[in-house]
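Here, residue 1 is the first one in the sequence, and each next residue gets the next number. Values below: all heavy atoms of this structure, side chains included; hydrogens, waters and symmetry mates excluded. This one's a predicted model, so the numbers in the text were calculated from it and none came from an experiment.
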Amino acid sequence: MTAAELVTITKPDDWHLHLRDEIALKTTVPATSRVFGRAIVMPNLKPPVTSVKMALNYRSRILEHKTPDSSFNPLMTLFLTDNLDPKEIVSLSNEESVVAVKYYPAGATTNSDTGVTNIKNVYRIIEKMAELGVPLLLHGEVTENHIDIFDREKVFIETILAPLIERYPDLKVILEHITTKDSVEFIESQSSRVAGTITIHHLLYNRNDMLVGGIKPHLYCLPVLKRNIHQTSLIRAALGGNPKFFLGTDSAPHARLEKETSCGCAGVFSAPAAIELYAQFFADHNSLSKLEGFASFFGADFYGQPRNKEKITLEFKPWRMPQQYQLGDVPTVPIMAGEAINWQLKDSSEK
């Protein structure tokens with residue numbers, strides 16, 4: 001096997017992940033813990049995770065399902081609501097396993113109905129976060145019905161994010177799952193306290209892939225896939241070696257029947273092949289040497305976490321993604337179901 005068919009990198013981290021809860025953890029946790037050292041776990045459960053105690057209990061449930069002998073470390077978040085107690089921010093700042101607060105505009109995505117109704121309602125929380133160095137993770141969309149769905153990220157930056165950073169310049173901000181040229185350019189223009197995560201599905205697909213020839217429900221996500229000029233900008237950001245941009249899968253499984261319905265829910269289940277698809281993406285752009293920074297270094301550095309010590313090796317060895325996985329007795333369809341994927345994790349026991 002040639003060097004071009006193997007790549008060894010520091011164990012990567014996933015800085016944006018949905019694991020769901022209860023029986024789903026039996027599938028979602030191993031899919032991530034098999035390869036990632038850490039993951040930022042989203043708090044949009046039912047009910048949402050709004051206290052450090054709830055976050056630590058959720059973390060305990062997650063750890064029950066990690067891959068045997070894995071050092072996987074789930075890093076927890078709190079769900080920001082209009083009524084979140086500022087004392088929870090103080091508690092969070094003293095707990096190493098709970099690391100950030102997630103902002104969802106009310107009704108923006110899955111299980112976000114109790115999200116923030118007006119940014120001004122949470123100024124007192126954000127002020128405490130800036131004071132204590134707690135990162136704010138943003139689902140960067142507005143939700144007003146009159147704003148076109150393809151413009152909601154751009155309008156969010158203009159009307160909420162830019163004024164927020166001006167008001168709290170010491171606040172550490174991660175604009176999650178960015179989808180637009182506007183987000184890339186905004187992050188590039190800001191201080192080192194502002195960063196963004198990029199999913200594999202927003203790198204591989206644009207809205208034509210989801211809509212041409214019939215709607216592909218398993219590519220429907222929020223923020224929704226945009227036109228190819230925005231995809232091109234994301235690709236440039238991911239390949240550019242700028243430490244402000246790093247890996248966050250936003251892997252988000254849903255039951256097949258909930259996706260393939262007249263009102264399908266948003267989310268792409270990418271965890272079973274996440275690092276393999278990022279490797280394929282970087283290889284296809286002749287940039288495998290850039291994968292380690294994007295996947296393993298930049299996110300850890302931004303969050304002030306130590307870089308992982310372990311290594312993983314990926315090899316060029318095509319395999320086929322299963323048509324579905326089970327969340328208990330409920331099937332869920334993964335990204336690229338039934339399709340060939342060129343890279344896979346090399347078994348560490350192989351000689």
With a 3.5 Å distance limit and no angle check, can you tell me whether [X] reaches the backbone of [Y] through a side-chain donor-acceptor pair?
X      : Y      : answer
Arg320 : Gly338 : yes
Thr159 : Val155 : yes
Glu315 : Lys317 : no
Ser91  : Lys87  : yes
Arg34  : Pro272 : yes
Ser60  : Leu56  : yes
Lys66  : Asn73  : no
Arg193 : Asp170 : yes
Lys290 : Ala238 : no
Glu5   : Phe316 : no

Are Met210 and Leu204 grouped together when hydrophobic residues (ILVMFWY) are joined by side-chain heavy atoms under 4.5 angstrom apart?
-> yes
What's the verdict on side-chain contact (heavy atoms from CB on, under 4.5 Å) for Ile147 and Phe156, showing C-alpha distance, side-chain angles and the deciding distance?
-> CA-CA 10 Å; Ile147 303 296; Phe156 177 86; over 6 Å; no
I need the [X] [atom1] to [Y] [atom2] distance, nearest 0.5 Å.
X      : Y      : atom1 : atom2 : answer
Asn83  : Asn121 : CG    : CG    : 8.5 Å
Leu288 : Phe281 : CG    : CZ    : 11.0 Å
Cys221 : Leu219 : SG    : CG    : 7.5 Å
Thr114 : Phe79  : OG1   : CZ    : 3.5 Å
Ile200 : Asp14  : CD1   : CG    : 11.5 Å
Leu327 : Thr27  : CG    : OG1   : 5.5 Å

In this structure, are over 12 heavy atoms from other groups packed under 6.0 Å from [X] atom [atom1]?
X      : atom1 : result
Asn94  : CG    : yes
Lys311 : NZ    : yes
Leu257 : CG    : no
Ile215 : CD1   : no
Glu144 : CD    : yes

Plane angle bin for [Y] and [X] - parallel if under 30°, tilted between 30 and 60°, otherwise perpendicular:
X      : Y      : value
His16  : His177 : tilted
Tyr325 : Phe269 : perpendicular
Phe294 : Tyr278 : tilted
Tyr104 : His139 : tilted

Output yes when [X] and [Y] qualify as a salt bridge under the 4.0 Å nitrogen-oxygen rule, no when they do not.
X      : Y      : result
Asp301 : Arg307 : yes
Glu185 : Arg236 : no
Lys128 : Glu131 : yes
Lys154 : Glu141 : no

Residues in ring pair (Phe, Tyr, Trp, His ring centres under 6.0 Å) with Tyr58, at least two apart?
->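 Ring pair (Phe, Tyr, Trp, His ring centres under 6.0 Å) check on Tyr58 returns nothing, list empty.
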Check [X] against [Y] and note the closest heavy-atom contact, atom names and distance.
X      : Y      : value
Leu314 : Ala279 : CD1-CB, 3.9 Å
Ile335 : Ser270 : CG2-CA, 3.7 Å
Leu78  : Val52  : CD2-N, 3.9 Å
Asp209 : Lys216 : O-CG, 3.2 Å
Lys226 : Ile149 : CE-O, 4.4 Å
Ala271 : Ser251 : N-OG, 3.0 Å

Worked check of side-chain contact (heavy atoms from CB on, under 4.5 Å) between Leu92 and Val134 = CA-CA 8 Å; Leu92 183 158; Val134 176; 3.6 Å; yes
Worked check of side-chain contact (heavy atoms from CB on, under 4.5 Å) between Ile178 and Ile198 | CA-CA 6 Å; Ile178 61 173; Ile198 306 178; 3.9 Å; yes
pair [X]-[Y]: side-chain heavy atoms closer than 4.5 Å:
X      : Y      : value
Trp319 : Met321 : yes
Val101 : Leu137 : no
Leu161 : Phe186 : yes
Leu132 : Val90  : yes
Leu136 : Leu80  : yes
Arg61  : Asp21  : yes
Leu164 : Tyr123 : yes
Leu277 : Ile341 : yes

Steps toward side-chain contact (heavy atoms from CB on, under 4.5 Å) verdict (His218, Glu260) = CA-CA 8 Å; His218 298 287; Glu260 299 175 2; 2.7 Å; yes
Under 3.5 Å, is there a donor-acceptor pair linking the side chains of [X] and [Y]?
X      : Y      : value
Thr199 : His202 : yes
Thr10  : Ser296 : no
His230 : Asn206 : no
Glu310 : Ser71  : yes
Asn228 : Asn208 : no
Ser183 : Glu153 : yes
His254 : Arg20  : yes

side-chain hydrogen bond (donor to acceptor under 3.5 Å, both in side chains) with Arg227: which residues, sequence neighbours excluded?
->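 Not a single residue meets the side-chain hydrogen bond (donor to acceptor under 3.5 Å, both in side chains) criterion with Arg227.
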Ring-face cation of Arg38 near Phe72 (centre distance under 6.0 Å, axis angle within 45°) | no
With sequence neighbours excluded, residues passing salt bridge (Lys or Arg N to Asp or Glu O under 4.0 Å) with Lys172 | none
